[in-house]
Amino acid sequence: MKVKEQDKSGRLVVGRASAGSGKTFTLTLEYIRLLAENPDNYRRILAVTFTNKATAELKSRIIDTLHAIATCQPKAQSYIQRLNPADIDDLRHKCSTALTAILHDYSHFRVETIDSFFQSIIRELARELNLTANLRVDIDQDEALTEAVAVMMEQMRRGDNTFNAVVGYVSEKIDSERPTNWKIDKELIDFSHNIFNEHYLKAEKDIRQI
């Protein structure tokens, strides 16, 4: 996970964290830090996550923490210590103000998935182009891979790297003495799912150099 934001000087700040290292805590802390500067900042903040579950969790944590700080609950202490406010009463007042504003203006509380964020961009673009307001982009991973493999098989030529890799794969199947299905499209599609695997994404640069 990477957290990217700009500090007061305009510099890009990048945070890196692995699973179980307190990402939600850190994101909530940084969100509330911005609200402590100005309770209306929620209208200018976009928090983007990968999944609907993560979106719901982050929204819930922000609301819960704002309430905890505003009402002096013990569970807010870890956040208050990190925020280290010069005036604790001012922080609580701003959290209370921000919480009330968010609950009365929830549509501007922008914590959403990458997919829903780009869907909103597409809808705005459709409106500008006078297209149907119901325009939606469907992301079908299997359909995209099927089409990509079909295009690859059609475009590969004898002697190129793709052709040699496919021929080598078929030869390996023949040498294995197992029953061989010469229509390898499905196997290539199944194998292509690896490009969405986290382990592949981490090693993508190295793999491409092989």
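Since this is a predicted model, take the numbers as computed values, not measurements. By convention here, the first residue in the shown sequence is residue 1.
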Please report the closest heavy-atom contact between I88 and P85, naming both atoms and the distance.
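Distance-wise, the nearest heavy atoms are CD1-CG, 4.0 Å.
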Listed by chain and number, what are the salt bridge (charged side-chain N to carboxylate O under 4.0 Å, His left out) partners of [X], not counting sequence neighbours?
| X | answer |
| --- | --- |
| K53 | none |
| E128 | none |
| R43 | D105 |
| D40 | none |

Decide yes or no on side chain to side chain contact (heavy atoms under 4.5 Å, CB included) for Q77 and I80, but give the supporting numbers first.
CA-CA 5 Å; Q77 288 306 309; I80 294 174; 3.9 Å; yes
Output the distance between atom [atom1] ([X]) and atom [atom2] ([Y]), rounded to the nearest 0.5 Å.
| X | Y | atom1 | atom2 | answer |
| --- | --- | --- | --- | --- |
| K59 | I102 | NZ | CD1 | 10.0 Å |
| R61 | D64 | CZ | CG | 8.0 Å |
| F50 | T55 | CZ | OG1 | 11.0 Å |
| T65 | L35 | OG1 | CG | 11.0 Å |
| L29 | L34 | CG | CG | 10.0 Å |
| I189 | M152 | CD1 | CE | 9.5 Å |

[X] vs [Y] side-chain heavy atoms within contact, under 4.5 Å:
| X | Y | value |
| --- | --- | --- |
| L99 | I69 | no |
| L27 | E30 | no |
| M153 | L188 | yes |
| L83 | R33 | yes |

For [X], all residues meeting side chain to side chain donor-acceptor pair (under 3.5 Å), sequence neighbours excluded:
| X | answer |
| --- | --- |
| N38 | none |
| T71 | Q73 |
| N164 | none |
| T113 | S116 |

Qualifying salt bridge (Lys or Arg N to Asp or Glu O under 4.0 Å) pairs with a residue from residues 148-166, counting only residues at least two apart or across chains:
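Matches after skipping sequence neighbours: none remain.
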Take E112 and L46 through the side chain to side chain contact (heavy atoms under 4.5 Å, CB included) test and state the conclusion after the steps.
CA-CA 8 Å; E112 52 195 68; L46 171 64; 4.0 Å; yes
Can you tell me if CG on N161 sees more than 12 non-hydrogen neighbours from other groups inside 6.0 Å?
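No, because the 6.0 Å sphere around CG of N161 holds 12 heavy atoms or fewer from other groups.
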Check this for me: F163, atom CZ, are more than 12 non-hydrogen atoms of other residues, nucleotides or ligands nearer than 6.0 Å?
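More than 12 heavy atoms, drawn from other residues, nucleotides or ligands, come within 6.0 Å of this atom.
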Below 3.5 Å, can you tabulate the donor-acceptor pairs from side chains in residues 89-96 to any protein atom, sequence neighbours excluded?
{"unit_1": "D90", "atom_1": "OD2", "unit_2": "K94", "atom_2": "NZ", "d": "3.4"}
{"unit_1": "K94", "atom_1": "NZ", "unit_2": "A36", "atom_2": "O", "d": "3.1"}

Spell out, as yes or no, whether a donor-acceptor pair under 3.5 Å connects the side chain of S120 to the backbone of F117.
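Yes; at least one donor-acceptor contact below 3.5 Å.
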Among residues at least two apart in sequence or on other chains, which ones pass ring-ring contact (aromatic ring centres under 6.0 Å, His included) with F109?
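Per chain and number, F109 pairs via ring-ring contact (aromatic ring centres under 6.0 Å, His included) with Y31, Y106.
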Can you hop from V166 to F191 via hydrophobic side chains spaced under 4.5 Å?
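Different hydrophobic clusters.
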According to the ring pair (Phe, Tyr, Trp, His ring centres under 6.0 Å) rule, which pairs have a member within residues 55-85, sequence neighbours left out?
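Non-adjacent pairs meeting ring pair (Phe, Tyr, Trp, His ring centres under 6.0 Å): F25-Y79.
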